[in-house]
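These notes are about the structure you will find just below.
Each chain gets a letter, A, B and so on, in the order the sequences are listed, and its residues count up from 1.
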Amino acid sequence: MNINITFPDGTDHSYQTGITSSEIAKQISPGLFKKSVAAKFNDQPVDLNAPLLKDGSLEILTVDTADGLHVLWHSTAHIMAHAVKALYPEAQFGVGPAIENGFYYDIDIDSKLSQDDLQRIEDEMQRIIKRGSSFVRKELTKKEAVDFFAGQQQDKYKLELLADMEDGSPSIYSEGDFTDLCRGPHIPSSNMIKAFKLLSIAGAYWRGDEKNKMLQRIYGISFPKKAQLDEYLFCLEEAKKRDHKKLGKELDLFSFHREGPGFVFWHPKGMRLYRTIETYLVDKLTQYGYGEVKTPIILNDALWKKSGHWDNYKENMYFVDIDEESYAIKPMNCPGSCLIYNSNMHSYRDLPLRLAEFGNVHRHERSGVLNGLFRVRQFTQDDAHIFCTPDQIQDEVKACIDFVQEVYKDFQFYEYHIELSTRPDKSIGSDEIWQQAEDALRDALINKNINYKLNPGDGAFYGPKIDYHVRDSLKRSWQLGTIQLDFSMPEKFELEYVGSDGNKHRPVMIHRAIFGSIERFIAQLIEHHGGRLPVWLSPIQAVVLPLSEEQLAYSHAVFSKLKDAGLHVEMDARNEKIGYKIREAELGKIPYMLIMGKKEVENKQISVRTNKDGDLGSMEIDALIDKMNYEIQQKA
RNA sequence: GCCACCUUAGCUCAGAUGGCAGAGCGGCUCACUCGUAAUGAGCAGGUCGCCGGUUCGAUUCCGGCAGGUGGCUCCA
């Protein structure tokens with residue numbers, strides 16, 4: 001009996017029934033065989049040594065592919081669990097998946113793991129790998145699996161996983177004397193792992209629920225070649241150099257102080273960057289038909305009770321007493337906007353009404369979540385509330401999408417992903433309203449032909465949202481822009497407009513932010529550019545560097561001329577060697593260094609060095625101003 | 001909030017089984033007037049995060065707290 005196997009390149013071939021992917025790989029080429037870790041049969045991941053019993057498509061997964069690496073990582077997680085079990089026989093295990101970069105395993109043991117223990121676990125893993133045992137799959141009935149994890153290898157977490165498992169035939173993998181509940185697939189033999197490293201230990205709640213026990217999670221990474229591990233670790237180090245917390249200090253942009261954990265102190269240079277961004281957006285707001293508003297930071301409790309924040313957001317809010325009445329410091333700007341809306345009568349002809357606000361909000365975030373500018377307790381949202389009629393929703397959401405993406409392009413953010421978040425557990429509004437709102441956002445995305453990830457249950461309490469996520473230097477994803485639909489707030493604040501029929505109608509509210517928070521956005525900008533901001537964003541765009549005192553007068557003249565041209569320019573008149581001043585300017589990541597020597601004074605020129613291209617030679621002052629203005633205008 | 005780790009000069013970091021605290025950079029002073037990533041010399045700078053405990057003596061050991069970092073949970 002033969003089966004027919006189709007390959008990814010479209011060719012097909014007949015093989016004897018029961019042949020394994022491994023044997024097929026060997027026949028195709030020894031190179032492929034050597035690099036293969038698993039296979040996909042009819043798009044289902046399978047082990048290399050699984051017999052193929054029917055016709056189907058086959059893709060051999062090698063360690064050169066992301067899927068293949070994931071298999072290697074997952075197998076390394078097993079080896080790690082094996083090592084932990086050998087060192088701590090009482091250990092019980094949660095889950096141990098491959099993740100975007102590497103793997104982890106959640107472990108329940110009584111003793112606290114330390115860095116030294118990681119070393120011991122690594123050593124044990126090394127021994128296990130050297131033995132080169134193979135991963136053997138076995139399919140069991142659910143009862144057999146339960147018996148195994150209740151008896152021979154006691155593990156309450158695996159039992160819990162089994163209890164929730166719907167399909168009736170769990171599989172286990174044995175590697176040496178260690179067996180784990182696992183769907184697979186796995187690498188054929190542990191000795192394919194040529195290089196690995198355990199990176200960190202962290203606490204993690206069982207099943208991600210903070211009501212559950214906290215397990216110890218070990219993160220690690222592995223590769224089929226030592227060089228790849230070295231490169232990965234090198235990249236990690238490089239990424240740390242781009243950390244905005246480090247660069248923010250080095251470039252003197254902002255600071256944090258014990259006196260206000262989670263509250264940013266902006267320094268002059270950081271503030272310039274902040275203002276540049278703000279000013280940029282103010283211009284765009286006009287283009288996109290927004291009016292700008294400003295609402296108070298402290299507002300009476302009654303307002304927050306009315307808006308639903310009291311019931312849904314209280315634990316994140318700060319409160320103050322004024323004249324024996326209780327007030328809250330705003331965590332969001334929407335109620336304020338609603339008050340503005342309600343201070344006038346509105347006709348359908350006024351809509352959409354777009355009110356933008358650089359809203360200064362305070363949120364009491366739990367201490368453990370604070371993280372540089374990414375997660376603070378006080379931040380400025382580039383917020384806006386669009387009040388519109390139901391049939392204007394589509395166009396308005398689409399316009400918001402265009403706006404967000406235009407802005408990201410100007411800041412050279414090209415790598416982001418979009419999520420559509422739906423109704424959370426804690427929410428206000430009827431099912432119908434939520435359905436309508438979710439459909440509206442989905443339709444806008446589909447209409448714009450935008451790929452998005454569905455994020456069920458992650459919407460705001462008042463409505464679903466479209467979010468823009470960007471990764472930081474350590475690959476953590478942060479939400480920046482957001483477009484949220486809200487049918488509830490208009491209800492609560494009894495917002496109305498007079499329609500063409502002369503009757504009163506309820507408008508719909510769209511909350512939207514592009515940067516999300518200016519603080520977080522700046523953090524992303526710094527990391528994205530590694531601190532080397534484009535000229536238009538640089539707090540200092542050029543520095544004048546006289547070679548000696550003889551060039552001071554000319555240098556001052558040049559400095560004034562650039563300043564008058566509207567450029568952010570500084571003068572380094574210190575009595576230091578030119579190499580020293582250049583070094584300082586380079587470390588300060590100043591884009592233009594203007595060196596003034598005898599020659600330049602005689603020729604009325606400027607010797608230009610950029611931090612991007614090095615020494616550019618001499619040019620006229622006006623040529624330099626034109627060049628810089630062009631780059632600023634191009635946002636290059 | 002939870003888990004682990006960290007906290008020594010403005011910054012980056014050494015340090016001692018518990019006995020008067022160290023470097024480089026930066027700052028200040030002086031000399032040097034210099035051509036594309038660090039000129040030299042001198043001086044100043046510390047309650048060793050805070051509060052307790054053990055001890056003749058604690059920056060060092062123990063406990064608590066605060067702040068930070070990496071995760072978890074939560075979120076822009």
Side chain of [X], heavy atoms from C-beta onward: which of [options] has the nearest atom to it?
X: A:Glu210; options: B:C75, B:G35, B:G1; result: B:G1
X: A:Met214; options: B:A76, B:C2, B:U33; result: B:C2
X: A:Arg583; options: B:A38, B:G1, B:U39; result: B:A38
X: A:Lys577; options: B:U39, B:G71, B:U36; result: B:U39
X: A:Arg366; options: B:U73, B:C72, B:G35; result: B:U73
X: A:Arg574; options: B:G27, B:U36, B:C72; result: B:G27

What's the [atom1]-[atom2] distance between [X] and [N], to the nearest Å?
X: A:Leu236; N: B:G70; atom1: CG; atom2: P; answer: 12 Å
X: A:Ile466; N: B:A76; atom1: CD1; atom2: P; answer: 15 Å
X: A:Ile582; N: B:G35; atom1: CD1; atom2: C1'; answer: 8 Å
X: A:Ile109; N: B:C3; atom1: CD1; atom2: P; answer: 16 Å
X: A:Phe374; N: B:G68; atom1: CZ; atom2: P; answer: 16 Å
X: A:Ile606; N: B:U36; atom1: CD1; atom2: C1'; answer: 15 Å
X: A:Lys599; N: B:G35; atom1: NZ; atom2: C1'; answer: 7 Å
X: A:Lys245; N: B:U69; atom1: NZ; atom2: C1'; answer: 8 Å

Please list, pair by pair, any protein nitrogen or oxygen found under 3.5 Å from a nitrogen or oxygen in nucleotides 4-8 of chain B.
unit_1: B:A4; atom_1: OP1; unit_2: A:Lys112; atom_2: NZ; d: 3.3

No-H, no-angle donor-acceptor pair, [X] side chain to [N] base, under 3.5 Å:
X: A:Glu600; N: B:G35; result: yes
X: A:Arg375; N: B:C74; result: yes
X: A:Tyr205; N: B:G1; result: yes
X: A:Asn575; N: B:C34; result: yes
X: A:Glu586; N: B:A37; result: yes

Please work out which of the three classes, parallel, tilted or perpendicular, describes the rings of A:Phe254 and A:His244, given edges at 30° and 60°. tilted
Over 60° means perpendicular and under 30° means parallel, so classify the ring planes of A:Phe263 and A:Tyr318, tilted if in between. tilted
Watson-Crick or G-U wobble partner for [N], using a 3.5 Å limit on both distances?
N: B:U60; value: none
N: B:C30; value: B:G40
N: B:C13; value: B:G22
N: B:A4; value: B:U69

For the residue pair [X] and [Y], establish whether any side-chain heavy-atom pair is separated by less than 4.5 Å.
X: A:Ser548; Y: A:Gln551; value: yes
X: A:Val264; Y: A:Phe379; value: no
X: A:Met571; Y: A:His556; value: yes

Pairwise [atom1] distance for [N] and [M], with rounding to whole Å:
N: B:G15; M: B:G19; atom1: P; value: 15 Å
N: B:A38; M: B:U12; atom1: C1'; value: 16 Å
N: B:G45; M: B:A21; atom1: P; value: 14 Å
N: B:A14; M: B:C2; atom1: P; value: 29 Å
N: B:U33; M: B:G40; atom1: C1'; value: 14 Å
N: B:A23; M: B:G64; atom1: P; value: 35 Å
N: B:C13; M: B:U69; atom1: P; value: 14 Å
N: B:C20; M: B:A58; atom1: C1'; value: 14 Å

Taking the nucleotide of RNA chain B with the closest heavy atom to each, which residue, A:Asp615 or A:Pro261, is nearer the 5' end? A:Asp615
Which is more 5' along RNA chain B, the nucleotide nearest A:Leu373 or the one nearest A:Glu576? Just name the residue. A:Glu576
Base, sugar-phosphate, or nothing: which does [X] touch, judged by heavy atoms less than 4.0 Å apart?
X: A:Leu370; result: sugar-phosphate
X: A:Lys213; result: nothing
X: A:Gly597; result: base
X: A:Val361; result: nothing
X: A:Leu480; result: sugar-phosphate
X: A:Gly368; result: base
X: A:Gly588; result: nothing
X: A:Ile595; result: base

Before you tell me yes or no, could you show the steps for A:Tyr592 and A:Ser538 under side chain to side chain donor-acceptor pair (under 3.5 Å), namely the whole-Å CA-CA distance, both residues' side-chain angles and the distance that decides it to 0.1 Å? CA-CA 10 Å; A:Tyr592 278 85; A:Ser538 284; over 6 Å; no
Do any side-chain nitrogens or oxygens of [X] fall under 4.0 Å of OP1 or OP2 in [N]?
X: A:Ser367; N: B:G1; answer: yes
X: A:Tyr313; N: B:C74; answer: no
X: A:Arg207; N: B:C72; answer: no
X: A:Asn371; N: B:G70; answer: yes
X: A:Arg476; N: B:G70; answer: yes
X: A:Lys246; N: B:U69; answer: no
X: A:Tyr580; N: B:C25; answer: no

For A:Ser427 and A:Arg423, does a side-chain donor sit closer than 3.5 Å to a side-chain acceptor? yes
Is it true that the side chains of A:His364 and A:Asn316 contain a donor and an acceptor less than 3.5 Å apart? no
Distance-minimising heavy-atom pair for [X] and [Y]:
X: A:Lys475; Y: A:Arg471; result: O-NH1, 2.8 Å
X: A:Phe411; Y: A:Leu525; result: CD2-CD2, 3.7 Å
X: A:Asn360; Y: A:Asn333; result: N-OD1, 4.3 Å

NZ or CZ of A:Arg217 within 45° of A:Tyr104 ring axis and under 6.0 Å: yes
